[in-house]
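Below you'll find the structure, written out as structure tokens, and then a few comments.
Every number for a ligand or one of its atoms is a count from 1 in the order of the listing. What's counted below: heavy atoms across the whole structure, side chains too, no hydrogens, waters or symmetry copies.
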Amino acid sequence: MPEIFANYINGEWVTRPATFEDRNPASTDEVVAVFVKGSAQDIEDAAAAASAALSAWSNLSGPARGNILYKTAEILDRRFEQVSAEMTREEGKTLPEARGEVRRSINIFRYFAGEGARLPGMLVPSERDRVHMFTIRRPIGVVGLITPWNFPSAIPAWKLAPALICGNTVVLKPASAAPLSAWRIVEALHEAGVPKGVVNFVAGPGAELGDALVSAKPMKAVSFTGSCQIGNWLHEQASKRRLRIQLEMGGKNPTIVLADADFDSAVENVVNGAFFSTGQKCTATSRAIVEDAIYDRFVAALVERTKRLKVGDGMRPGIDIGPCVDQAQMEVVLKYIDIGRKESGEPKTGGRRLTDGALAKGYFVEPTIFSDVKEEHTIAREEIFGPVLAVMRAKDFEDTVRIANNVPFGLCSSIQTTNVSRVFEYVHRAEVGLLTVNLPSAGVEYQLPFGGTKDSSFGPKEQGPAALDFYSDYKTVYLRY
Ligand code: NAP
């Protein structure tokens, strides 16, 4: 019998009769965990508990809050293998990928624990004699955190840790497709001694809980990562209540490949960016924009490399690509492959659901490459969020930049070139929040700001020192002595 995981409200593990299953997308007859299905009332209770806990938590010293985050990191580190394997079983990414993500969550907790001893303010000279001017950071209050399934540990970590170190109290609503990884963080916070009410966790259906969360009276801010559709809706609701809001949403990330690129490494970087984690990273490459001079040779090499990728259960050694997270996501991917066939022709490789042997029990889709995709084609414009790459031909550098920027999204981008002038020119002209050079588009670290521009994002950036700007307010002090 799979274990039943309760919600965490006001320091108590709260159960209810209604539950939902967390299934393994690589083998759908395996129930990884059963979760208590939270209700709007649970969100209200959680927000009230967070409100009651706020004063004591925010008045604790920063280093004291940091100590709880350090302990949380240590507890997660002790359970590293267990938590990583659970992530593979609930989300489908390969075990090495899951280990990388759990390591990142641990590092995020350590990084923001350290911020507790800094929480930098400003100290500037006054124009007046004997006046001292400075700022201190104050928390914003109760914060709602809504997270997606694709980084089920790292995204909750990169919202929880800065929110808590700044002295806020939180209500976390994880994605229903993969709630266990976030639950493990909350369990670790509980064991690390976080005071009751400071952290609350309510799993359950997004539409019901999301509405309750954004409407809960004590709520002062919401940080959301997920689709544009839900993010835009939340933005409207939050604006009505003047909640502070941070949205990280979809993308249509390009990788530009110039003719002077290191050819083999560019092939590796595009394949890695497009297909690892089953293309389900917000920073995944979904368009490869390749200069005409090397286009045909590059497509041939991409196809040859992609055909060697091994698709299967991410718990097995040697597997490169796991399943789509659930049936709905797989159907979205297959729908876009159909659209691609109609608009751009037969894919150069892939294009099918895989159902041979044990694969039939999971949501596996072949890594798929369409070539000569035009800018107006649907698969060059809309987010797919799966293992599908649109390769596009560009006349020259100018053309690659124009095509790359010609979408409403602006999360991230990548350029492959050995020409340093082009690198800097692209750094300035890319309409994105982050970009990589001669690396895969995906693979960011926690020490620098993360987030996009245009329709991909709204509000201050996450991670690194920038995260403090969302989770705290300046109080400015003028003092005559
Ligand atoms: P999603 O469907 O928007 O769900 C995200 C979260 O919102 C889940 O917890 C979901 O709960 C919840 N939710 C659903 N309906 C809601 C509502 N009406 N009000 C409030 N919350 C609601 O996104 P997803 O499918 O989990 O994730 C994939 C998307 O996330 C992609 O578009 C991807 O690009 C984006 N993403 C962006 C970034 C970034 O940093 N820019 C990072 C990762 C992912 P349920 O699970 O219960 O439905």
Do any nitrogen or oxygen atoms of G251 lie less than 3.5 angstrom from nitrogen or oxygen atoms of ligand 1?
-> no

Touching ligand 1 at all, G452? Heavy atoms, strictly under 4.0 Å?
-> no

Check: S344 and D372 side chains under 4.5 Å, non-hydrogen atoms | no

Find out whether F458 and L234 are in side-chain contact, i.e. whether some heavy atom of one side chain is under 4.5 Å from a heavy atom of the other.
-> no

Ranking F20, F224, W149 by closest non-hydrogen atom to atom 25 (O) of ligand 1, top hit is W149

Can you find a side-chain donor-acceptor pair between E97 and T94 that sits under 3.5 Å?
-> yes

Indicate yes or no: does an N/O atom of Q329 lie under 3.5 Å from an N/O atom of ligand 1?
-> no

Within-cutoff protein neighbour (heavy atom, under 4.0 Å) for atom 9 (O) of ligand 1 = yes

Y8 ring center near W13 ring center (under 6.0 Å) = yes

C228 N/O to ligand 1 N/O under 3.5 Å | no

Hey, is P174 touching ligand 1 through its side chain, its backbone, both or neither, going by heavy atoms under 4.0 Å?
-> backbone

So, F450 versus W158, ring centres under 6.0 angstrom or not?
-> yes

Out of G206, S176, G231, the nearest non-hydrogen contact to atom 46 (O) of ligand 1 is supplied by S176

Answer with yes or no whether V214 contacts ligand 1, where contact means a heavy atom under 4.0 Å from a ligand atom.
-> no

With a 4.0 Å cut-off on heavy atoms, does F151 reach ligand 1?
-> no

N/O of E383 under 3.5 Å from N/O of ligand 1, yes or no?
-> yes

